Amino acid sequence: MGDFTQQVKSVYWPETRALVYLALPICGAQLAQAGMSVVDVMMTGRHDATSLAAVSVGSSLWMPLMLFMTGTLMGLTPIVAHLLGGQRQTAIRPAVHQALWVALLLGVVAALLLWSAVIPIFELMNVPPAVASQSAAYLSAVAFGMPGIALFQALRAFSDGMNHTRPALWISLVGLSVNIPANYLLIYGGDGLIDLFGAWIPTSLQQLPALGALGCGIATALSMWTMALAMAYYTRRGNTYKSVAIWHKLTPPQWLGIHELVVVGVPIGVAIFVEVTLFTLIALFIASFGEVTVGAHQIALSFTSILFMLPLSLSMALTVRVGNTLGQQRLAHARKVAWNGIVISVIIAAINSLVLWVSAEPVIALYTSNSEIQALALSIIALAVIFQLSDSLQVNLAGALRGYKDTRIVMVITVLSYWIVGLGGGHWLGSYGVGDKVAPLGVHGYWIGLIAGLSTAALLLGWRLQRISIKG
């Protein structure tokens, strides 16, 4: 008992503090970036229904691209964490430069896709012409920002790997502070300014056109580049990065550095893309069940997504802590760091479940006054309470494995668990039931599938972490 108490004081409690210290700013940054999407929806919704539909459809195309880029560039975090832990600061600068080259390439490719491929997709999806036209304009503006957000994510991954997660929080808030007024000015034009400030504003500003969805896209691109430039400035001037001096001399593209980032990062990007498409496909399948079901599903998903930010942030911090420790060649300690993080994730899952259970009714009432939607959303959230443990566990197990640079197996487990067990099982239960004994369960079947998929992922990832942490 005495040895365990000593371990808690000397290892687990200091690690818990370090983990939380890293995770909280990450959580704030995630919420700030999510806030931009909320602002886009709210402001275009006030403009007109077509603009709202155009931004919603357009977001469903560029967000997965951005998340794939983000995941790929997250591969830089464990690379930097390993190098920092091993006190190999001179190797960090060229590693970051390779990530910047990859980010620039990904951003340009994403922009080209948004400029060239959206109209055929809209035709395939049978999007109404008015919505398709505005959405294409919105995406053409967002495309200019894709290289910017890719560069920001690369620099953020570098900063996180240096145990410095607060800059991403402050700079994400700067991005949000640019997004809100730019949206207002560009979506509503002069009429919006008159409504806000009165007729005393200059005539030139009163005559600004209301650009609707296009204006929203321009505001989004401005925010992306603002964040990129602010992060570049901070990493150049911040004292934390003096030992690395990433802006001292640019390293040309090097195959070995790019190869390491791609091997570690692309599986992360694919895993995130798979998760996003899981929820997108479920939403498409559920659409046939009617407006009440769609509304209830979206409310439950929105509420649980907000709570998921904390375990997700813990996962990203756990990658850094495990990577730092492995870089120091402290293999046994890295194992303790990883499993301590998993224990913390279980505690967070219990807190999230309690919050869901206690606050479900009043929170649902904030979303809608429709009693049918409220009742159905409440029944869905009862299922969401159950999967908090699996969800928190799987994302943090994946985060620990990223610290070991073990990402390919995580990708395979994610694809199998999410698409085959989660989506396949959910679709079977929701649309067909189980033979003559269980009727189709509708939306509840899909959420049961989610529980099964996340639980499968948690079990398999736990097995993988157990194996790889023993090997070191």
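This one's a predicted model, so the numbers in the text were calculated from it and none came from an experiment.
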- With no hydrogens and no angle check, do the side chains of Tyr418 and Thr456 hold a donor and an acceptor under 3.5 Å apart? no

Passes side chain to side chain contact (heavy atoms under 4.5 Å, CB included), Leu416 versus Val421? Steps please. CA-CA 7 Å; Leu416 293 175; Val421 179; over 6 Å; no

In terms of heavy-atom contacts, Pro311 and Asn352 come closest through CD-ND2, 3.7 Å

dist Asn340:CG -> Arg321:CZ (nearest 0.5 Å) comes out at 10.5 Å

Closest non-hydrogen contact found for Ala400 with Leu318 is CB-CD2, 3.8 Å

Checklist entry - If only atom types and distance count, is the side chain of Thr407 paired as donor or acceptor with the main-chain N or O of Pro267 below 3.5 Å? => result no

**Asp40 and Ser59 side chains, donor-acceptor separation under 3.5 Å** = no

- For Thr304 and Ala300, indicate whether the former's side chain and the latter's backbone hold a donor-acceptor pair under 3.5 Å. yes

Exercise. Would you call Arg464 and Asp406 a side-chain contact if the rule is heavy atoms closer than 4.5 Å?
Worked result: yes

Tell me whether the count of non-hydrogen atoms from other residues, nucleotides or ligands lying under 6.0 Å of CH2 in Trp357 goes above 12. no

Check whether any side-chain heavy atom of Met227 lies under 4.5 Å from a side-chain heavy atom of Gln33, and answer yes or no.
yes

His259 versus Val262: any side-chain heavy-atom pair under 4.5 Å?
-> no

query: Between Asp160 and Arg156, does at least one N-O distance fall below 4.0 Å, as a salt bridge requires?
result: yes

Donor-acceptor contact present, side-chain Ser177 to main-chain Val174, <3.5 Å
yes

Interatomic distance, CG@Leu441 vs NE2@His444, rounded to 0.5 Å, equals 8.5 Å

From the list Leu186, Asn183, Ile187, side chain to side chain contact (heavy atoms under 4.5 Å, CB included) with Ile218 holds only for Leu186

Interatomic distance, CH2@Trp339 vs CG@Leu397, rounded to 0.5 Å, equals 6.0 Å

For Phe387, the ring-ring contact (aromatic ring centres under 6.0 Å, His included) test, sequence neighbours excluded, returns Trp447

**Prompt:** Is there a donor-acceptor contact under 3.5 Å from the side chain of Thr235 to the main chain of Ala232?
**Reply:** yes

Practice prompt. Without swapping roles, check the side chain of Thr325 against the backbone of Arg330 for a donor-acceptor pair under 3.5 Å.
Written response: no

Using residues 73-85 as the side-chain source, report each donor-acceptor pair under 3.5 Å to any protein atom, sequence neighbours left out, with the distance given to one decimal.
{"residue": "Thr77", "atom": "OG1", "partner": "Ala157", "partner atom": "O", "Å": "3.1"}
{"residue": "His82", "atom": "NE2", "partner": "Gly403", "partner atom": "O", "Å": "2.7"}

dist Ile448:CD1 -> Leu429:CG (nearest 0.5 Å) comes out at 6.0 Å

Closest non-hydrogen contact found for Ala117 with Ile121 is O-CG1, 3.3 Å

ask   = Hey, does Ile268 have a side-chain heavy atom less than 4.5 Å from the side chain of Thr72?
value = no

Give a yes or no on this: more than 12 heavy atoms of other residues, nucleotides or ligands lie within 6.0 Å of atom CH2 of Trp170. no

Value for CG (Leu354) from CD (Gln388), rounded to nearest 0.5 Å, stands at 11.0 Å

>> Check this for me, if you would: do Lys336 and Glu15 make a salt bridge, where the nitrogen-to-carboxylate-oxygen distance has to be below 4.0 angstrom?
In response: no

| request: May I ask you to test the Leu24-Ser313 pair for a side-chain heavy-atom distance under 4.5 Å? | output: no

* Is the Trp428 to Tyr446 ring centre distance short of 6.0 Å? -> no

Practice item. Could you tell me whether the side chain of Gln30 reaches within less than 4.5 Å of the side chain of Met316, counting heavy atoms only? Key: yes

Under a 3.5 Å threshold, yes or no: a donor from one side chain and an acceptor from the other, between Arg166 and Ser159? no

Check your understanding: Taking the side chain from Ser417 and the backbone from Thr414, do they hold a donor-acceptor pair closer than 3.5 Å?
Key -> no

Heavy-atom side-chain proximity of Leu155 to Ile246 below 4.5 angstrom: yes

Within a radius of less than 6.0 Å around CZ of Phe68, do more than 12 heavy atoms belonging to other residues, nucleotides or ligands occur?
-> yes

SG (Cys216) and OH (Tyr184) are apart, to the nearest 0.5 Å, by 14.5 Å

query = Does any N or O in the side chain of Ser353 come within less than 3.5 Å of the main-chain N or O of Val385, such that one atom is a donor and the other an acceptor?
reply = yes

Practice prompt. Output, in order, the C-alpha distance, side-chain angles, deciding distance and verdict of side chain to side chain contact (heavy atoms under 4.5 Å, CB included) for Tyr138 and Leu61.
Written response: CA-CA 11 Å; Tyr138 164 73; Leu61 294 181; over 6 Å; no

When every non-hydrogen atom of Trp62 is compared with those of Leu139, the smallest separation belongs to CD1-CD2, 3.7 Å

Note: Met36 and Ser172 closest approach over all heavy atoms is CE-O, 3.5 Å

Nearest heavy-atom approach of Tyr234 to Ile171 is CB-CD1, 4.3 Å

Any donor-acceptor N/O pair, Asn396 side chain to Ser345 backbone, under 3.5 Å:
no

Quiz prompt | Side chains of Leu307 and Val355 in contact at under 4.5 Å (non-hydrogen atoms) | solution = yes

| Could you walk me through whether Leu104 and Leu100 pass the side chain to side chain contact (heavy atoms under 4.5 Å, CB included) check? | CA-CA 6 Å; Leu104 191 60; Leu100 291 174; over 6 Å; no

